[in-house]
Amino acid sequence: MGRIVILPPSVADQIAAGEVVERPASVVKELVENALDAGAREITVELQAGGAGLIRVTDDGVGMDDEDARLAVHRHATSKIRRAADLIGVGTYGFRGEALAAIAAVAQLELETAPAPGGEGTRVRVSGGELQEIEPVARTRGTTVTVRRLFFNVPARRKFLRSPRSETRAVLEAVTLLALTRLDVAFRVMNDGRRLLEVPRVASVGERVAGLFGRRLAQELIPVEGSAGGLSVRGFVQRPADARPTGRKAYFFVNGRPFRDPFLVRAAEAGYRATIAPGCRPTVLLALALPGDQVDVNVHPQKLEVRFRDRFLVERAVEEAVRSALHPLDAAAVLKPPSDAGRWGAPQPAPSAGPASTPWSALPRQPGTGGLAEDLFGERARGGLGSTGPAEPVQVFGTYIVYESSEGLTFVDQHSAHERVLYERAMQQLSGEGAAAQHLLLPITLDLEPAELEVVERHADLLRAVGFEGEPFGGRSVIIHAVPNPHPRFDAKRCFEELVADLARGRFGGWTNRLERFAATYACRAAIKAGQPLAVSEMRELLAQLMACELAPHDVHGRPTIVQLPRDELERRFGRA
C-alpha cells in the first residue's frame, strides 16, 4: 500500500469546515450573511449555551424552492457567482458556497425554507455531512437554519470552545458588525430565552450606533469624510476628550463588507497624535469605498480579511481623514451634546440586498456646531481680532476664558489653549529654522543632576530650535545665554528646569516620536499657567492664536481646550425651551 492516499470525503469535509467554522460565532456570521444576501428585513438569532447546544437563525428573505434547498447543503453550491471574474467587485456577503456544507459537516443541521408566503416549503436534514432526510413542510416565506450539537463528531474541536458567556459575546460581536452595515434590517439575538440584542430598522447610522452601543457613545462621535484618488473614507470617530484606555470599538468596512485590519486601526490612531493621552484608544467606525479591482476579498474562507492593491494609499487616506475630522469645533467637548438622532444626517433610503448598498457610502456630514466661535473667529482668526464683534471675553476662576456667540457660550482653558498654540509652533520650529531667541543681559546659571545634564546634551539641538541657547559651565552647571519668549509672564529659568527634569524622568515617555515628545513637554512647561490673570487684549490674542491652530479643540494630553454650552441647553435648564 502506498504512503499517499486520497482522504475520504467525510474527513476532507471536516478539514475544510475547520477553516470556515471556528466557533458558534462563525456559524452565526455565515447564516446571517446568507439571510442578508437573501433580502431579509428581519433576522432572529436564537442560542442555547452560547451556541454550543443550539443555533437557530430565522429570516424573512426570498427563501428557496425544493431544488435549490437540496443543492444548498453541498460544497461549492452558491447563487452569488457563476465564474471567477465575478469575484472582482462581488456585491454580496457570501460567494464561496461553503458555509452550509461546512456547518453540516461538523454539526446536525436542519434547513427549512419556502419561496412564497403560505406555500409549501422544504425541510432538509444533514448530520455530520450525511444527508438524512428531505421532506415537504408548510411554512411562511423565508428560511430557518437550525444547528445542533456543534462539533459533535470532532470532539477535539469541541474541547476548545470557551465558556457559554464568552461564546455569546463573540456572537453578539458578529451580529453587531453586520447590523452596522444594514440599517434597513431589524436584528434580534436571544440566548437561553433571554433577549440580548434587539435593534429595529432605522433611518440613520447614528440611530443604529445608539441602539447597539448606547446614546452616550453615539453622542461622543464626530463625522469623518475624506478621499484620495478613487478611495473615499467616511464614518465616525470619537472625540479625543472622550477617548479612554479601555472599551474602544474599532470597526472597518470596505464596499459594505466588514473586515479586520490592525494596520488600519494604527493608521486611524495616528490621526489622533498630539490630541489624546498615551494609552487612550478612541472608538473608530470607518467605511471605505473604492473600485472592486483595487481590493481582493477572496483571501480567507471567513471573509474577514482583505488585501488592497495600494495599501499605503489606504492607510494614508484613513489617517488624514481622521485628522481632518478633528480640526473643526465640532470636535470640541460639549456639555450636553444634541440627543436627537437627526444630528447624524437625513434619513437614508432603504438599501437593497448586498453589502455594496451600505448606507455608509451616502453618509451626510453632521451639521456643525462651529457657530459658537464663527462669529468671533471666522476669517479674522488668521489676521488677528478686529475691534468689532460680540461681547468681550471674560476670565473666570483665573483659569477659564468665556465668550458668547449667538449659538451659546464657549469656555476655553487658558493653559490648555496656550499649550496647543505652543506645541504646534514648536513642531514648526523643530522641523524648520528654529525660533528667534531673546539674548539675556545677565545669563542664567543652573546646577543640574547627572541625568538632566545628559538630557541637555542629548537634546541640545532641540533646545536651541525652541530658543534656549546654553553651554556647559563646569561640573554640573550649565549657563543659558538666550531663551524663548512665548508670553510676557514667561519664567525662563523655571521652564528650563522643569523641561529637562520631565525629559530626564521620562514623564512624557508615551510619545513615540522624539520631536513630538519634546514639543509637548516644552509646550506644557512654557504655557500660561492656570490662575494667572489675563487682560482682555491678552485673552483675545490667545483665542485668535488658538483658532488659527490645526487642532484647536484639543490639547496635547487628551484634554479639551474648548468646552461648548449650546444656548438651547442653557434655556432648557432655565425652563425657557
From I479 CD1 over to T445 OG1, what is the distance, rounded to the nearest 0.5 angstrom?
4.0 Å

Worked check of side chain to side chain contact (heavy atoms under 4.5 Å, CB included) between V224 and F236
CA-CA 5 Å; V224 174; F236 296 97; 5.8 Å; no

For residues 438-486, which residue pairs pass the ring pair (Phe, Tyr, Trp, His ring centres under 6.0 Å) check, not counting sequence neighbours?
H459-F518, F468-F496

Would a distance-only check, ignoring hydrogens and angles, find a side-chain to backbone donor-acceptor pair under 3.5 Å from R517 to L503?
yes

Greater than 12 external heavy atoms within 6.0 Å of E457's CD
no

Heavy-atom count check: over 12 atoms from other residues, nucleotides or ligands less than 6.0 Å from R311 CZ?
yes

Without hydrogens or angle criteria, can the side chains of E207 and S204 be said to hold a donor-acceptor pair below 3.5 Å?
yes

Look only at the side chain of T275 and the backbone of Y272, and say whether a donor-acceptor pair between them is shorter than 3.5 Å.
yes

Can you find a pair of side-chain heavy atoms, one from L217 and one from K249, that are under 4.5 Å apart?
yes

Answer whether the closest heavy-atom distance between the side chains of Y251 and L286 falls below 4.5 Å.
no

For R494, all residues meeting salt bridge (charged side-chain N to carboxylate O under 4.0 Å, His left out), sequence neighbours excluded
E498

Listed by chain and number, what are the salt bridge (charged side-chain N to carboxylate O under 4.0 Å, His left out) partners of R458, not counting sequence neighbours?
E454

Atom CD of E469 and atom CG of L440: how far apart are they, to the nearest 0.5 Å?
9.5 Å

Residues forming a side chain to side chain donor-acceptor pair (under 3.5 Å) with Y400, sequence neighbours excluded
none

So, do V199 and L197 sit near enough that their side-chain heavy atoms are less than 4.5 Å apart?
yes

Please report the interatomic distance SG(C524) to NE2(H557), rounded to the nearest 0.5 Å.
4.0 Å

Could I get the full list of side chain to side chain donor-acceptor pair (under 3.5 Å) partners for S163, not counting sequence neighbours?
S166

Can you name the salt bridge (charged side-chain N to carboxylate O under 4.0 Å, His left out) partners of K529, sequence neighbours left out?
none

What are the two closest non-hydrogen atoms of A268 and V322, and how far apart are they?
O-CG1, 3.6 Å

Closest approach of G256 to T181 (non-hydrogen atoms, all atoms of both residues)
O-CG2, 3.6 Å

Ionic contact status for R323 with E320, cut-off 4.0 Å:
no

Exam field: side chain R239 to backbone A332, donor-acceptor pair closer than 3.5 Å
yes

Go through the side-chain N and O atoms of E541 and Q545 and say whether any donor and acceptor fall under 3.5 Å apart.
yes

For R23, check salt bridge (charged side-chain N to carboxylate O under 4.0 Å, His left out) against everything at least two apart and list the hits.
E167

A side-chain contact here means heavy atoms from C-beta on lying under 4.5 Å apart; do V233 and E225 qualify?
no

Verify the distance criterion only: is there a donor paired with an acceptor across the side chains of Q414 and Q532 at less than 3.5 Å?
no

Non-neighbouring partners of R244 that pass side chain to side chain donor-acceptor pair (under 3.5 Å), sequence neighbours left out
E220

State, with a plain yes or no, whether a side-chain heavy atom of L326 is found less than 4.5 Å away from one of P553.
no

Listed by chain and number, what are the ring pair (Phe, Tyr, Trp, His ring centres under 6.0 Å) partners of F252, not counting sequence neighbours?
none

Which residues satisfy the side chain to side chain donor-acceptor pair (under 3.5 Å) test with S477, sequence neighbours excluded?
D447

Would you say D555's side chain and G558's backbone share a donor-acceptor pair under 3.5 angstrom?
yes

Suppose the criterion is ring pair (Phe, Tyr, Trp, His ring centres under 6.0 Å): which pairs have a residue in residues 521-540, not counting sequence neighbours?
none

According to ring pair (Phe, Tyr, Trp, His ring centres under 6.0 Å), who are the partners of H418, at least two apart in sequence or on a separate chain?
H487

From I528 CD1 over to E419 CD, what is the distance, rounded to the nearest 0.5 angstrom?
12.0 Å

So F259 and L264, side chain to side chain contact (heavy atoms under 4.5 Å, CB included) or not? Walk me through it.
CA-CA 11 Å; F259 72 101; L264 287 188; 3.7 Å; yes

Rounded to the nearest 0.5 Å, how far apart are CG of L570 and CG of L409?
6.0 Å

Give the minimum heavy-atom separation between A25 and A174, together with the two atoms involved.
O-CB, 4.1 Å

Can you name the closest pair of heavy atoms from L183 and V205 and give their distance?
CD1-N, 3.6 Å

Does any part of the side chain of N255, heavy atoms only, come nearer than 4.5 Å to the side chain of L288, both counted from C-beta?
no

Flag the pair L543 / I401 as yes when at least one side-chain heavy-atom distance between them is below 4.5 Å, and no otherwise.
yes

E424 and R420 ion-paired at < 4.0 Å
yes

Taking the basic N atoms (NZ, or NE/NH1/NH2) and the acidic carboxylate oxygens, is any pair closer than 4.0 Å for R559 and D413?
no

Residue pair T283, F213: steps toward the side chain to side chain contact (heavy atoms under 4.5 Å, CB included) verdict:
CA-CA 11 Å; T283 289; F213 307 122; over 6 Å; no

Could you tell me if the side chain of V536 sits less than 4.5 Å from the side chain of R540, heavy atoms only?
yes

Test R273 against E516 for salt bridge (Lys or Arg N to Asp or Glu O under 4.0 Å), laying out the working first.
CA-CA 9 Å; R273 67 184 184 278; E516 291 178 350; 3.4 Å; yes

Looking at every non-hydrogen atom in both residues, tell me the closest pair between A331 and I222 and how far apart they are.
CB-CD1, 3.6 Å

Are any side-chain N or O atoms of Q219 and backbone N or O atoms of R216, one a donor and one an acceptor, separated by less than 3.5 Å?
no

Between E22 and S26, is there a donor-acceptor pair closer than 3.5 Å when you use the side chain of the first and the backbone of the second?
no

Distance (rounded to the nearest 0.5 Å) between T399 OG1 and F411 CZ
13.5 Å

Can you see whether F263 has R266 sitting over its ring - NZ or CZ less than 6.0 Å from the centre and within 45° of the normal?
yes

Smallest separation among heavy atoms of P560 and A241, with atom names
CD-CB, 3.8 Å

Would you call R525-E497 a salt bridge at under 4.0 Å N-O?
no

Between V209 and L285, does the side chain to side chain contact (heavy atoms under 4.5 Å, CB included) criterion hold? Intermediate values first, please.
CA-CA 10 Å; V209 170; L285 298 89; 4.3 Å; yes

